[in-house]
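To start, the structure itself, in structure tokens.
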Amino acid sequence: MKIATFNINNVVSRLAVLTAWLEAEQPDVVCLQELKADQGAFPLAALEALGYGAVWKGQRTWNGVAILARGMTPVLTRTALPGDPDKAQARYIEAAVNGVLVGGLYLPNGNPAPGPKFDYKLVWFEAFNAHAQTLLDAKVPVVLAGDYNVVPTEADLYPNHSYGDNALLRPESRAAFQRLLDQGWTDGLRAIHPTGPLWTFWSYLRFRWPKDKGLRIDHLLVSPQLTDALVDAGVDRWVRDLDGASDHAPAWITLDR
DNA sequence: ATGACTCCATTTTGGAGA
């Protein structure tokens, strides 16, 4: 069972990129972020033609999250994060697929920091961590996949960077992510690849992709019920090279179940 | 370097992303 997360950065204008990737890699479950599309503008028919069912929470212009499943429609359990301070922002969706509960998230970017956007990021993070703990307490198989907008360690971005105290690197952001891991979640990509670059994002600016100067901010966390089933993980870097690419590439894990 | 890319809406500038 291959589960992926992909910040598509507009699901309508980048439908050809999404289609090319789905056809080539055939992931079983996909969490999408930054749909940037109204609820009614989601390209369900095109995805169904590829064999995917979907549930989604749309929002015009910004945010928006979806969960796709190959050969079935995910069983929707939530379209909002409990305790989200701003209900208008579509940043969390949750659904069951083949006995695995999948949470798809688009954590607030938080820039500029400090400021109200950074405050919102930290409040959202705490609400998310609280919900993650309730999921752990349920002792069911869970994957939390999405754009966390956190670079966990200095090994998770290119050397000699100039990100300074960017909200993605701030100690408060990293500490919140570490508290999440400390609940008992396993970082799927790092568990399979303990060292080395695992970039999932390359800015459009300054030739970051041709220079391979990236960041790792898209993560898949697995609950203890699934750690033994985790057999592979990776980043589909080729998708970042397509014409009209998102600035993110899909990240994925494979579970033996 | 409030630079550069990319897209969109409150459109012909500016906001957001990270």
Side-chain angles (χ1 to χ4, degrees), chain A residues 5-21 31-43 57-66 86 88-92 104-122 124-125 128 145-177 189 197-219 235 237 239-251:
Chain A
T5 179
F6 186 14
N7 181 322
I8 189 64
N9 187 15
N10 196 321
V11 73
V12 175
S13 61
R14 284 184 228 289
L15 183 57
V17 169
L18 178 58
T19 297
W21 171 62
C31 295
L32 295 175
Q33 302 87 39
E34 289 210 83
L35 303 178
K36 295 184 173 178
D38 256 329
Q39 186 71 7
F42 186 82
K57 176 69 172 177
Q59 183 184 335
R60 191 177 64 166
T61 310
W62 295 305
N63 310 315
V65 285
D86 185 355
Q89 300 193 30
R91 294 185 176 275
Y92 187 75
L105 66 141
Y106 176 48
L107 207 137
N109 174 300
N111 281 304
K117 291 190 174 181
F118 190 58
D119 294 341
Y120 177 58
K121 176 178 196 163
L122 297 181
W124 202 96
F125 221 142
F128 179 71
D147 180 353
Y148 283 71
N149 270 315
V150 176
V151 176
T153 73
E154 282 302 298
D156 293 312
L157 78 170
Y158 61 90
N160 304 315
H161 62 85
S162 55
Y163 273 78
D165 63 351
N166 186 291
L168 282 65
L169 286 68
R170 289 274 298 218
E172 300 93 326
S173 306
R174 286 177 166 169
F177 188 73
L189 270 85
L198 284 171
W199 318 146
T200 64
F201 166 87
W202 299 257
S203 172
Y204 290 125
L205 283 55
R206 296 185 170 185
F207 305 99
R208 291 294 198 238
W209 166 246
K211 293 178 176 177
D212 195 19
K213 291 186 169 182
L215 287 64
R216 187 173 82 98
I217 55 176
D218 301 277
H219 309 298
V235 179
R237 291 171 54 100
V239 180
R240 182 61 180 81
D241 206 40
L242 294 172
D243 286 341
S246 168
D247 40 7
H248 295 248

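Within every chain, numbering begins at 1; the chains are lettered A, B, ... in the order of the sequence lines, protein sequences first and strands thereafter. We use all heavy atoms of the structure for the numbers below, so side chains are in, but hydrogens, waters and symmetry mates are not.
Of the residues in residues 241-249 of chain A, those lying under 4.0 Å from DNA chain B by heavy-atom distance are A:His248.
Rounded to whole Å, atom C1' of B:dA18 lies 15 Å from atom CG of A:Asp156. For the pair A:Lys211 NZ and B:dC5 P, the computed distance is 11 Å after rounding to whole Å. Rounded to whole angstrom, the span from the CZ atom of A:Arg208 across to the P atom of B:dG17 amounts to 19 Å. Atom CD of A:Glu34 and atom C1' of B:dA16 are 9 Å apart (whole Å). Atom NZ of A:Lys213 and atom P of B:dA4 are 18 Å apart (whole Å). Spacing between atom CZ of A:Arg91 and atom P of B:dA16 amounts to 12 Å, rounded to whole angstrom units. Taking atom CG of residue A:Asn166 and atom C1' of nucleotide B:dA18, one finds them 6 Å apart after rounding to whole Å. One interatomic measurement links the two molecules: CG of A:Leu107 to P of B:dG17, which rounds to 12 Å at whole-angstrom precision.
When the C1' atom is used for both B:dT11 and B:dT6, the distance is 15 Å, rounded to whole Å. B:dT12 and B:dT2 have their P atoms separated by 25 Å, with the value rounded to a whole Å. Between the P atoms of B:dG14 and B:dA4, the separation comes to 13 Å (whole Å). If you take atom P in B:dT10 and the same atom in B:dA16, they sit 13 Å apart, rounded to whole Å. Taking atom P in both B:dA1 and B:dG17, one finds a spacing of 23 Å when rounded to whole Å.
Nearer the 5' end of DNA chain B, as judged by each residue's closest nucleotide, is the contact made by A:Phe207, out of A:Phe207 and A:Pro108. Nucleotides of DNA chain B nearest to A:Asn63 and A:Leu205 differ in position, and the one nearer the 5' end is that of A:Leu205.
Here A:Asn109 does not reach the OP1 or OP2 of B:dG17: none of its side-chain N or O atoms lies under 4.0 Å away. When the side-chain nitrogen and oxygen atoms of A:Lys117 are compared with OP1 and OP2 of B:dG17, one or more of them lie within a distance under 4.0 Å. Taking 4.0 angstrom as the limit, A:Asn7 places a side-chain polar atom (N or O) nearer than this to OP1 or OP2 of B:dA18. Within the structure, a side-chain polar atom (N or O) of A:Tyr106 is placed less than 4.0 Å from OP1 or OP2 of B:dA18. A:Arg14 has a side-chain polar atom (N or O) that falls below the 4.0 Å cut-off from OP1 or OP2 of B:dC7.
Taking every heavy atom of both residues into account, A:Gly244 and A:Val17 meet most closely at O-CG2, 3.5 Å.
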Provide a list of protein-nucleic acid N or O atom pairs under 3.5 angstrom, restricted to nucleotides 8-11 of chain B.
{"unit_1": "B:dC8", "atom_1": "OP1", "unit_2": "A:Asn10", "atom_2": "ND2", "d": "3.1"}
{"unit_1": "B:dT10", "atom_1": "OP1", "unit_2": "A:Arg60", "atom_2": "NH2", "d": "3.1"}
{"unit_1": "B:dT10", "atom_1": "OP2", "unit_2": "A:Arg60", "atom_2": "NH1", "d": "3.4"}

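Ring geometry for A:Trp124 versus A:Phe128: interplanar angle under 30°, hence parallel rather than tilted (30 to 60°). Ring planes of A:Tyr163 and A:Tyr158: perpendicular class, angle over 60° (limits at 30 and 60°).
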* To do: Starting from the C-alpha separation in whole Å, work towards a yes-or-no answer on salt bridge (charged side-chain N to carboxylate O under 4.0 Å, His left out) for A:Asp86 and A:Arg91.
  => CA-CA 10 Å; A:Asp86 185 355; A:Arg91 294 185 176 275; over 6 Å; no
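In summary, A:Asp38 and A:Arg60 do not engage in a salt bridge, as defined by a charged side-chain N under 4.0 Å from a carboxylate O. Using a cut-off of 4.0 Å between Lys/Arg side-chain N and Asp/Glu carboxylate O, A:Asp247 and A:Arg208 are scored as not salt-bridged.
Side-chain atoms of A:Gln39 come within 3.5 Å of backbone atoms of A:Gly58 as a donor-acceptor pair (strictly under, hydrogens ignored). Between the side chain of A:Arg174 and the backbone N or O of A:Val150, no donor-acceptor pair lies under 3.5 Å. Distance alone, capped at 3.5 Å, is enough to place a donor-acceptor pair between the A:Asn111 side chain and the A:Ala167 backbone. Between the side chain of A:Thr5 and the backbone N or O of A:Ala251, no donor-acceptor pair lies under 3.5 Å.
Atoms CZ and CG, from A:Arg14 and A:Leu242 in turn, are 11.0 Å apart once rounded to the nearest 0.5 Å.
Put simply, the side chain of A:Asn149 and the base of B:dA18 share no donor and acceptor less than 3.5 Å apart.
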